Every structure is written in structure tokens, then in C-alpha cells.
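Here's the structure, in C-alpha cells; my notes come after.
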Amino acid sequence: MNSSQATLLTLAIALSLAARPASAAARDELLADYAVTAKKNNPAFAGFSAARGGVFHRKSFAGGKPDTPACTSCHADDPRAAGRTPAGKAIDAVAVSVSPTRYVDPAKVEKWFRRNCQDVLGRECSAQEKGDWLSYMLSR
Amino acid sequence: MTIPYRPIAFGLFALAFAALLFERAQAGGSHFFPPVSDPVVREECGSCHLAYAPSMLPARSWQRMAGDLKNHFGDDASVDTATTARITDYLVANAADTGGRRHGGKLLRGVPAADAPLRITELPRWVKEHREVPARDWKEARSKANCLACHRGAERGDYDD
């Protein structure tokens with residue numbers, strides 16, 4: 001190995017080490033933001049619940065589009081499995097244990113909550129719903 | 001050091017010739033549509049469905065579509081202004097009547113110059129190519145827009161089956 005290869009390797013190792021805590025930190029920050037809003041909306045808010053998130057994930061709503069009543073209309077019932085959109089495109093698993101790079105880009109997360117909640121519930125999801133759902137995905 | 005110009009020149013020539021043959025072979029059938037190569041377009045236009053090949057619609061169609069991503073076939077496909085501009089530029093530059101002409105040409109047959117159709121699946125030529133597809137296959141694919149259900153190579157731009 002020459003010196004520039006060694007430098008590259010060191011750099012790659014350093015990056016991969018640095019990347020892990022950074023992604024966890026980004027998720028923590030997102031959850032903390034949702035918690036602040038949830039608390040503002042509801043003073044009795046006492047933290048997110050992965051169990052509640054799991055129920056939300058599978059619940060059928062009436063307010064959205066008829067062909068997508070639930071998150072599970074596109075995402076798999078078991079979040080560790082791949083899902084599928086109505087137009088047939090596969091969606092990678094949404095559980096973090098299977099897709100470790102998810103939920104590290106807050107803009108991406110918000111973009112899809114905005115679209116998908118509109119599709120399923122016909123409205124935005126509340127901070128509490130988002131935090132519960134995310135907690136469920138982080139726990140799976 | 002002496003540089004071996006002749007072998008290099010010959011190699012380059014052979015390469016160019018091979019590339020030319022390859023391109024002709026692909027352009028010969030109406031079944032190769034270069035897939036989206038821009039990572040941003042692939043990400044933003046390829047999550048809900050296959051990232052459709054830009055050479056399947058004329059530039060004016062992409063412009064019209066990009067102008068109203070908030071109301072995109074009942075979905076909200078909108079993105080920020082800078083991203084929208086980047087996506088539009090890419091699609092317009094590689095459209096069926098611009099950079100992608102070699103590939104998309106036939107699909108535009110029968111489309112009036114004043115029309116800016118938003119659906120590939122409503123182009124007269126597309127309808128014609130799919131006239132004989134049995135109802136059972138449509139049902140299985142769920143949507144005409146689900147090209148991948150029948151064209152396994154669609155992500156690579158291959159519609160030969």
C-alpha cells in the first residue's frame with residue numbers, strides 16, 4: 001500500500017466511524033423537534049410510543065384516497081419487508097434495522113410525511129403521530 | 001519516452017466504431033429508451049413509479065408537467081424551486097424531440113405539435129403497441145403506468161419483451 005492509499009483508507013475508516021453517531025444524532029434531533037411541537041399542541045404529552053406507532057402504521061383511515069387507506073397500502077405490514085406503490089414501484093423496508101440509512105435527512109422525512117399523510121388521512125400528520133411512527137420504525 | 005500514437009489512434013478508432021454500431025443497434029428497434037441518469041431526477045421522479053425515460057415524451061410535455069407538480073395525477077410530487085429547475089432541464093434536454101430524438105421518435109407519431117400530453121400511456125403509438133395485451137395482464141399490473149410489471153428491463157431502458 002502506498003501512502004496515498006493509506007490516507008484514503010484511513011479517511012474511509014474515519015468517515016464510516018463518524019457516520020454512525022451522526023445518523024443517530026440526526027434522528028434524535030428530529031424526534032426532539034417533534035416532541036417540542038407535540039408538547040406545545042398537548043400539554044399532557046408524555047413521550048412517544050413505538051406501540052402506538054405500530055397501531056397507527058396499520059390503521060385504516062377514511063379521510064384520504066380510497067385506494068390508500070393505510071400506511072400499509074404501500075409500506076409492508078411488517079416494516080422489515082419491502083413495500084410497493086400503486087404504480088408498482090418497490091419501496092425498501094422502512095424499519096431502521098433493515099434500512100439503516102433512513103430518517104437522517106429531515107427534509108426527506110418531512111416531504112414524505114406531507115405526501116403520505118395526505119394520501120392516507122387526507123390531512124397532515126400531527127407531531128405526535130410522526131414521532132410515534134418513527135419510534136416504531138426505530139424499534140424494529 | 002516515445003508515445004505509441006498509431007496503436008492509440010487505432011484503438012480509439014475501433015472504440016468509436018464499436019460505439020457507433022452499438023448505438024445503431026439500439027436505435028434500430030423502438031425498444032431502447034435510455035434510463036434516467038441524473039441521480040436527483042431518479043430520486044425525485046423514481047420513488048412512486050419507474051423513473052420514466054425522458055425520451056418518451058416531448059419537451060413541451062415535461063415543461064407542462066414540471067409546471068404543476070403539486071397536482072400530479074392526484075399526488076403531490078412538488079419539490080423546491082431549484083430542484084424543480086434541475087429536473088425540468090434534464091427532462092427537456094433529453095426529451096423525445098430534443099436530445100432523446102433517436103430513441104423516442106416513433107412514440108411521438110400522431111401527437112399534434114400543439115398538444116403536450118402528460119401520459120406516455122395515452123400516446124397513440126403506445127396505445128397501438130399495447131392493443132393486443134390481454135385483459136388479465138392489465139389486471140395483474142394494476143396500472144398501465146406500471147411498466148415494470150411487464151417490461152422487466154424497464155429500469156435499464158429495455159422494452160424488448
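For clarity, every value in this text was computed on a predicted model and none was experimentally measured.
In the hydrophobic cluster analysis, where Ile, Leu, Val, Met, Phe, Trp and Tyr join through side-chain heavy atoms closer than 4.5 angstrom, A:Tyr136 is grouped apart from A:Val104. Cluster membership check: A:Val98 does not share its hydrophobic cluster with A:Leu134, using side-chain heavy-atom separations under 4.5 Å among Ile, Leu, Val, Met, Phe, Trp and Tyr. By the criterion of side-chain heavy atoms lying less than 4.5 angstrom apart, applied directly or through intervening Ile, Leu, Val, Met, Phe, Trp or Tyr residues, B:Val133 is grouped together with B:Met56 in one hydrophobic cluster. Residue B:Phe73 is grouped with residue B:Trp138 when hydrophobic side chains (ILVMFWY) are merged at heavy-atom distances under 4.5 angstrom, including chains of intermediate members. Connection of A:Tyr103 to A:Val36 is not established within any shared hydrophobic cluster, with ILVMFWY side chains joined at heavy-atom distances below 4.5 Å, either directly or through further cluster members.
Atoms CZ and CG, from A:Arg114 and B:Asp76 in turn, are 4.5 Å apart once rounded to the nearest 0.5 Å. Between B:Cys48 atom SG and A:Asn116 atom CG the span is 7.5 Å, to the nearest 0.5 Å. To the nearest 0.5 Å, atom CG of residue A:Asp67 and atom CZ of residue B:Arg142 are 9.0 Å apart.
A salt bridge is absent between A:Lys108 and B:Glu44: the closest approach of a Lys/Arg side-chain nitrogen to an acidic carboxylate oxygen does not fall below 4.0 angstrom. Salt-bridge annotation for A:Arg115 and B:Asp75: absent, with no side-chain N of the basic residue lying under 4.0 Å from a carboxylate O of the acidic one.
Taking a 6.0 Å sphere around CD of A:Glu29, one finds it holds 12 or fewer heavy atoms contributed by other residues, nucleotides or ligands.
Across B:Asp80, B:Asn146, B:Leu50, the residue that shares the most heavy-atom pairs under 4.5 angstrom with chain A is B:Asn146.
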> Does the side chain to side chain contact (heavy atoms under 4.5 Å, CB included) test come out yes or no for A:Lys111 and B:Ser47, once each step is laid out?
Replying inline: CA-CA 12 Å; A:Lys111 179 176 75 188; B:Ser47 301; over 6 Å; no

